[in-house]
Amino acid sequence: MEVFGNYIDGKIDEDGEETTLLSPVDGSEFGKLYLANEEKTKEAIDSSEAAFRKWSKTTLKERQDILSRLLNIVEGKAERYAWLESANTGRTLRQSTFMDVTIAIEHIRYFATTKEFVESREIEHPEYPGTKGIIQHRPMGVVAGVAPWNVPLLMAVWKIMPALLTGNTVVLKPSHYTPATAFELAKDLSSAGLPPGVLNVVTGEGSVVGTTLSKSEKIRLLSFTGSTATGKRVTRDAGGTLKKILTELGGKSPNIVLEDADLDKAAKGVLFGIFLHSGQLCESGSRLLVQDTVKDKLLSRIKTYMERMKPGNPLDMETDIGAITTKDQRGKIEALYNKGLQEGAKLYFSQSLGSSVPEKGFYFPPTVLSEVSNSMEIAQEEIFGPVLTVTEFHSEDEAADISNNSKYGLAAGIWSQNSRRATVLANLIDSGTVWINDYHMISAAAPRGGFKDSGIGRELGLDGIMEYTQTRHIFYGSDENALGEIARGLVVANQD
Ligand code: NAD
């Protein structure tokens, strides 16, 4: 059985409480894990702190050379990464191959080659003629990344790459449910030439490892991705220290279909929006808002396409709909779905899984609930599973009101053939990302993050990179600086 444990100071560390990882595909034993405790986490932090002194003095080119070598390694092992990701999370092998691993490779390429980030720039000070300034974007120090279980490889890439690029050292805590690809990436970074200690990986319970990271005075920035409830907890725990906190949290994203949409495209886009990775994506379009005049037509297309989707063993390349990553999560989906029915939502369509999926795995059928009012719990709470709610609206203003009547503000989709109309609506939506005639297209060059309870701060793009830096200003004085001369004279009289 493969071991996915801790990676400390450049070495695999198998010291810790041993547990078995169960694969959501069929409930079989997938790997062994050694859970880190508080002491082990502190060891990882100390290792990253010691490594920071040298790493922060490397040049941007030296750092990007290491990321480029990593890129070659990951490209060469794409199939292994895809298999590990699917066996560990239950997402379909087709999705891991053509989305997660493909996008992870493109995102590593972005960080390895971007010229957008410059470490320093020169300025003039308008008040002080002749003087010159240099603005530097310096690393913060030891950065902690805390990741959820749903997209482990991309999460590891997003937490590690911008931090290393900007000269920080990192302690990464993947979810103890899905540590496989983060662990693999740490080993591959080491092969790419990353010095020991620059990246440490500790797997373990959030209440132990996560809390130790939140409370550590040695960590200067904590980048957390997970649920809103845990994000608030982490922010409270870290409150006694002065670290910077970035939070990428939950969502209940609307996917809005206007009456002038290409309904065939929109139906496919809505299904892609909710059923990719069985709805277990933070930005999943779990609320379909459809204009009343096209509701019936759209729903009938949605049903037709759903009847063609193939649930099955995620490791089979033919499968469209895979597993739910953990047994607990399946229970949560079921409970909220039942709550929706009690609240008055109607079961419009649910696929039958039957014998198409392995008996002992964790599965939930793709489901559509209609006649959902936005005040119902099923429309307000994140389900993080393959359940789409349908709510109708009569005007764009109403669509915006329904969209924004949510504590979340992570993402939204708009389907319309009129780009101007869609843009006017996009401008009314309180969320960090709005896709027009598309969904789930996450770009390394574009910052992503949430409004409201979906989080604070941005990941990816130049905005995301800059989050990992602190600014230093160096001022070069000049004899031409008349105001400086006068200012100094206020304190020290000129003797000449
Ligand atoms: P979670 O909040 O339960 O856990 C996230 C991480 O925090 C895990 O590593 C967990 O071990 C750790 N953790 C738990 N308790 C902790 C504590 N007290 N202190 C510090 N760390 C602690 O979330 P999850 O169930 O793993 O993931 C699903 C959630 O993540 C969903 O809400 C989803 O929307 C969100 N998510 C958000 C984004 C985004 O970019 N906005 C992306 C992916 C997932």
Side-chain angles (χ1 to χ4, degrees), residues 19 33 35-36 38 41 88-89 91 100 103 107 144-159 171-179 182 201-216 219 222-239 241 243 245-253 276-286 324-333 336 381-385 406-411 431-433 440 442 446-461 464 467:
T19 56
L33 186 65
L35 296 176
E38 184 181 340
T41 309
N88 196 181
T89 65
R91 64 178 11 79
D100 295 76
I103 293 172
H107 286 197
V146 177
W149 47 257
N150 65 329
V151 272
L153 176 60
L154 278 170
M155 226 19 95
V157 168
W158 298 345
K159 298 283 176 223
V171 179
L172 177 74
K173 181 200 135 16
S175 165
H176 61 288
Y177 294 113
T178 56
V201 178
V202 272
T203 44
E205 301 274 352
S207 56
V208 180
V209 178
T211 307
T212 307
L213 294 172
S214 305
K215 292 188 173 169
S216 170
I219 285 170
L222 189 142
S223 172
F224 172 86
T225 302
S227 62
T228 296
T230 314
K232 286 182 180 173
R233 173 75 197 263
V234 164
T235 307
R236 274 197 305 275
D237 284 347
T241 70
K243 61 172 64 65
I245 304 166
L246 304 174
T247 47
E248 299 280 344
L249 308 176
K252 191 76 191 174
S253 302
L276 185 73
H277 193 23
S278 295
Q280 300 168 104
L281 296 168
C282 53
E283 78 275 7
S284 289
S286 53
I324 303 302
T325 301
T326 69
K327 203 172 173 182
D328 278 358
Q329 183 56 26
R330 189 183 58 186
K332 286 183 193 165
I333 297 167
L336 190 51
E381 294 304 323
E382 184 178 41
I383 192 156
F384 224 54
S406 168
K407 63 184 171 205
Y408 296 115
L410 192 60
S431 73
T433 300
H440 288 308
I442 292 173
R448 68 186 291 273
F451 282 24
K452 303 190 283 189
D453 277 8
S454 289
I456 295 175
R458 291 294 176 267
E459 205 155 43
L460 302 180
E467 297 276 19

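Here the structure is a predicted model, which means the values were calculated and not measured. Ligands are counted one by one from 1 in listed order, and the atoms in each one are counted from 1 as well. Quick note: residue numbers are just sequence positions, from 1.
Without hydrogens or angle criteria, Glu382 side chain to Gly251 main chain gives a donor-acceptor distance under 3.5 Å. With hydrogens and angles disregarded, no donor-acceptor distance shorter than 3.5 Å links the side chain of Gln329 to the backbone of Ile324. Counting only distance, with no hydrogens or angles, the side chain of Arg458 and the backbone of Gly450 share a donor-acceptor pair below 3.5 Å. Looking only at distances, a side-chain donor or acceptor of Ser454 sits under 3.5 Å from a matching main-chain atom of Gly250. A donor-acceptor contact shorter than 3.5 Å links the side chain of Lys173 to the backbone of Gly204. The main-chain N or O of Leu276 is never found under 3.5 Å from a side-chain atom of Arg91 such that the two would form a donor-acceptor pair. Panel note: side chain Lys243, backbone Ser216; a donor-acceptor pair is recorded below 3.5 Å. Side-chain atoms of Thr247 come within 3.5 Å of backbone N or O of Ile456 as a donor-acceptor pair.
Of the protein's heavy atoms, Phe384 CE2, 3.6 Å lies nearest to atom 28 (C) of ligand 1. Nearest protein heavy-atom neighbour of atom 34 (O) of ligand 1: Glu382 OE2, 2.5 Å. In this structure, atom 23 (O) of ligand 1 lies nearest to the protein heavy atom Ser227 N, 3.5 Å. The protein heavy-atom contact nearest to atom 21 (N) of ligand 1 is Gly210 CA, 3.6 Å. Atom 39 (C) of ligand 1 has as its closest protein heavy atom Cys282 SG, 3.2 Å. Atom 26 (O) of ligand 1 has its closest protein heavy atom at Trp149 CD1, 3.0 Å. For atom 7 (O) of ligand 1, the closest non-hydrogen atom on the protein side is Phe224 CE1, 3.2 Å.
Residue Arg233 approaches ligand 1 through these ligand atoms, each under 4.0 Å from one of its heavy atoms: 18 (N). In summary, the atoms of ligand 1 found under 4.0 Å from a heavy atom of Met155, numbered by their order in the structure, are 42 (C), 43 (C). Every atom of ligand 1 with a heavy atom of Thr211 under 4.0 Å away is listed here by number and element: 18 (N), 19 (N), 20 (C).
Distances from atom 41 (N) of ligand 1 to the heavy atoms of Leu213, Val146, Leu249, Val151 show the closest one on Leu249. Nearest-residue assignment for atom 35 (C) of ligand 1 (options Pro152, Gly226, Gly250, Gly231; heavy-atom criterion): Gly226. The heavy atom nearest to atom 17 (C) of ligand 1, considering only Pro179, Gly206, Gly432, is found in Gly206. Among Gly450, Ala147, Ser175, Pro148, the residue whose heavy atom sits closest to atom 8 (C) of ligand 1 is Ala147.
Contacts with ligand 1 closer than 4.0 Å are made by heavy atoms of both the backbone and the side chain of Glu248. At a heavy-atom distance under 4.0 Å, no atom of Glu283 approaches ligand 1.
Applying the side chain to side chain contact (heavy atoms under 4.5 Å, CB included) criterion to Ala144, with sequence neighbours excluded, gives Leu213, Ile219, Leu222.
The two residues Ala182 and Ala156 come nearest to each other via the heavy atoms CB-CB, 3.9 Å. Taking every heavy atom of both residues into account, Val202 and Val171 meet most closely at CG2-CG1, 3.6 Å.
Contact annotation: Tyr177 has no heavy atom less than 4.0 Å from any atom of ligand 1. Under the 4.0 angstrom criterion for non-hydrogen atoms, Glu459 is not in contact with ligand 1.
More than 12 non-hydrogen atoms from other residues, nucleotides or ligands lie less than 6.0 angstrom from NZ of Lys452.
Note: no N/O pair closer than 3.5 Å links Asn150 and ligand 1 by distance alone. At least one N/O-N/O distance between Arg448 and ligand 1 falls below 3.5 Å. Polar contact check, Asp237 against ligand 1: no nitrogen or oxygen pair lies under 3.5 Å apart. For ligand 1, the polar-atom distance check finds no N/O of Ser207 at less than 3.5 Å from any of the ligand's N/O atoms. Note: an N/O pair closer than 3.5 Å links Thr230 and ligand 1 by distance alone. Annotation: Thr225 places no N or O atom under 3.5 Å from an N or O atom of ligand 1; distance criterion only.
The residues Lys332 and Asp328 are annotated as not salt-bridged, no charged nitrogen and carboxylate oxygen being separated by less than 4.0 angstrom. A salt bridge links Lys407 with Glu381: the closest approach of a Lys/Arg side-chain nitrogen to an acidic carboxylate oxygen falls below 4.0 angstrom.
Side chains of Lys159 and Thr225: a donor on one and an acceptor on the other come within 3.5 Å.
Within a 4.0 Å radius of atom 11 (O) of ligand 1, the protein contributes one or more non-hydrogen atoms.
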